[in-house]
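For reference, the structure discussed in these notes is given below.
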2 protein chains.
Amino acid sequence: MSSVPQIIDSSATAAVPATRMPSDERRVLVLEAATAVFGQRGYAGTTTDQVATAAGVSQPYVVRMFGTKEKLFLAVLHRALDTLMAAFRRALAEESDVPVHSRMGMAYADLLTDRGLLLSLMHGFVLGSDPEIGKTARAGFLEVYLFLKADVGMTPEEASDFLAHGMMLNTLVGIRMADEYDTNPDARELLETAMPTKLGLLRGLTGPDKIQ
Amino acid sequence: MSSVPQIIDSSATAAVPATRMPSDERRVLVLEAATAVFGQRGYAGTTTDQVATAAGVSQPYVVRMFGTKEKLFLAVLHRALDTLMAAFRRALAEESDVPVHSRMGMAYADLLTDRGLLLSLMHGFVLGSDPEIGKTARAGFLEVYLFLKADVGMTPEEASDFLAHGMMLNTLVGIRMADEYDTNPDARELLETAMPTKLGLLRGLTGPDKIQ
DNA sequence: GTCTATACCAAGATAGAC
DNA sequence: GTCTATCTTGGTATAGAC
């Protein structure tokens, strides 16, 4: 694979000892960095060193914190699913004239700003053959499906369609279709059709990646 | 990552010299094997040795044939896109009482039987940050979108919805949701809702993987 | 809590024989 | 056209110091 241009600023060299920090705080920082890198390069395509650099700590420390790279990825998936469900629950509880289904869609699209979150999930979703990752991915996907039916009140068809559009959104982000927005009218039309309201968010993700 | 249980029979040991074969024939065999493995494990998660074993040839020979692993993956993507477009064109040309949109959907779902084809595409789609892979993925995705509009006659909305359901199907396969069909009623309902007609194909993909 | 140093293995690629 | 042997790199994980 050719080297991937990066979004995340890598000027954070891990060489200089990171300032001491409570381990749970540090843990969150590393999880966020890992989410960004995994989202961009996928599970196998990511090295623990890339995560460490993005988080501004040393590579062995990342491994030390999570045990193995796989456990780190699983933690990323769980955090992503928790964040997603929390956003949905918030959107559901919200007082608003906007219909619930739309509010859910907007809540989902808003997660695009959480760098790599939806894409890390997507990478997990397509690795169903891996025993651990697959188990987590299926459980998470079904949790969302059930929530849409039981709590939001969608029919199976509505929930399935909602998820389909979510997967489409994930794909458009993953494929970086927004990079073609200005130069390819078809890409532009597709983006404007597939995500009319939240286009701004996607376009904000254009340009060279910020991860090292 | 824990080791992935396999679908493809690995009894094909490369140790015994493969019988000589015209290079384009061998090329196709390797491409098919590569499609299956890449579909299951993704680009970075696949080794050229796994591909070689699945194809029944030696690892250096795989590299020799395609130059690099990345070129092999790109060849897999191109072959997958060609196969997909050919299936669509065939479904379009077909005489039938079934409406075109349905015929397209069925043609797509039928590709599930081509082991790893749709999943290799999906893995490519989520690697848009990689310069080469991303370029190919975006071009292929847009080619399909344009075909749906220009040749099939879909509106942008219809084409976008069609693609959304395609991505949903890919995801359900990738996540191996069919593995839960018998034991989880929610998984079953979701599968029956998302792919009512072609469920049989998906279920056929259940069970231990056949790739080594 | 965090680092440096390093062991160890896996994997892509090359050389060269048959 | 296809293999065996091997070089080389890069990446996870461990040991141990501060």
Side-chain angles (χ1 to χ4, degrees), chain A residues 1-4 10 12-31 33-34 37-38 41-76 130 132-133 211-212, chain B residues 1-4 10 12-31 33-34 37-38 41-76 130 132-133 211-212:
Chain A
M1 175 151 70
S2 2
S3 70
V4 175
S10 81
T13 25
V16 179
T19 30
R20 258 180 115 82
M21 190 180 291
S23 60
D24 25 342
E25 257 178 68
R26 179 71 74 194
R27 204 185 151 84
V28 173
L29 284 183
V30 172
L31 274 178
V37 185
F38 279 129
R41 315 178 95 111
Y43 171 66
T46 294
T47 70
T48 53
D49 191 56
Q50 288 162 350
V51 172
T53 301
V57 298
S58 69
Q59 179 269 330
Y61 190 38
V62 169
V63 175
R64 175 69 82 98
M65 261 190 288
F66 292 89
T68 65
K69 177 177 149 180
E70 180 172 45
K71 283 183 187 148
L72 170 59
F73 186 61
L74 291 172
V76 163
D130 179 273
E132 292 303 309
I133 297 175
I211 299 179
Q212 182 55 304
Chain B
M1 178 149 70
S2 2
S3 70
V4 175
S10 80
T13 25
V16 179
T19 30
R20 258 181 113 82
M21 192 179 290
S23 60
D24 24 343
E25 257 180 67
R26 179 71 74 192
R27 204 185 151 84
V28 173
L29 284 184
V30 173
L31 275 178
V37 186
F38 279 130
R41 315 178 94 111
Y43 170 66
T46 293
T47 71
T48 53
D49 191 56
Q50 288 162 349
V51 172
T53 302
V57 298
S58 70
Q59 178 269 330
Y61 190 38
V62 169
V63 175
R64 176 69 82 94
M65 261 190 288
F66 292 90
T68 65
K69 177 178 151 180
E70 179 172 46
K71 283 183 186 148
L72 170 59
F73 186 62
L74 291 172
V76 163
D130 179 273
E132 292 303 309
I133 297 175
I211 299 178
Q212 182 57 304

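Here is the naming used below: chain letters follow the sequence lines, and residue numbers restart at 1 for every chain. These numbers come from a predicted model, not from an experiment.
- Between B/Y43 and B/F38, the ring-plane angle classifies as parallel under the 30° and 60° cut-offs.
- Rounded to an integer number of Å, the gap from A/L72 CG to D/dT12 C1' is 12 Å.
- Minimum atom distance to the side chain of B/P60 is reached by D/dT4, of the listed C/dA11, D/dT4, D/dT2.
- The distance from atom CZ of A/F66 to atom C1' of D/dT12 is 16 Å, rounded to the nearest whole Å.
- In this model, no side-chain donor or acceptor of B/Q59 finds a partner on the base of C/dA11 within 3.5 Å.
- Residues passing the side chain to side chain donor-acceptor pair (under 3.5 Å) test with A/T47: none are found, sequence neighbours excluded.
- For A/S23 and C/dG1, the shortest distance from a side-chain N or O to OP1 or OP2 is below 4.0 Å.
- Side-chain proximity of B/K69 to C/dG12, C/dG1, D/dT2: nearest is C/dG12.
- At whole-Å resolution of the value, CE in A/M65 and P in D/dA13 are 14 Å apart.
- An OP1 or OP2 oxygen of C/dG12 is reached within less than 4.0 angstrom by a side-chain nitrogen or oxygen of B/T48.
- Between the CG atom of A/D49 and the C1' atom of C/dT6 there is a distance of 14 Å, rounded to whole Å.
- A/E132 contributes atom CD, which lies 9.5 Å from atom NZ of A/K71 (distance to the nearest 0.5 angstrom).
- At a cut-off of 3.5 angstrom, counting only N and O atoms as typed in the model, there is no donor on one side facing an acceptor on the other between the side-chain of A/R41 and the base of D/dG11.
- The separation between A/E70 atom CD and D/dA13 atom P is 9 Å, rounded to whole Å.
- In this structure, CZ of B/R64 is placed 13 Å from P of C/dA17, rounded to the nearest angstrom.
- When each of C/dT2, C/dA13, D/dT2 is scored by its nearest atom to the side-chain atoms of A/M21, the top-ranked nucleotide is C/dT2.
- In this structure, the nucleotide among C/dT4, D/dG11, C/dG12 sitting nearest to the side chain of B/T47 is C/dG12.
- Between the C1' atom of C/dG1 and the CG atom of A/D24 lies a distance of 12 Å, rounded to the nearest Å.
- Residues A/V76 and A/A34 share a closest heavy-atom pair of CG2-CB, 3.7 Å.
- Between B/R26 and D/dT2 there is a side-chain polar atom (N or O) within less than 4.0 angstrom of OP1 or OP2.
- In this structure a side-chain-to-backbone donor-acceptor pair under 3.5 Å is present from A/K69 to A/T46.
- Protein atom CG of A/L29 is 13 Å distant from nucleotide atom P of C/dG1, rounded to whole Å.
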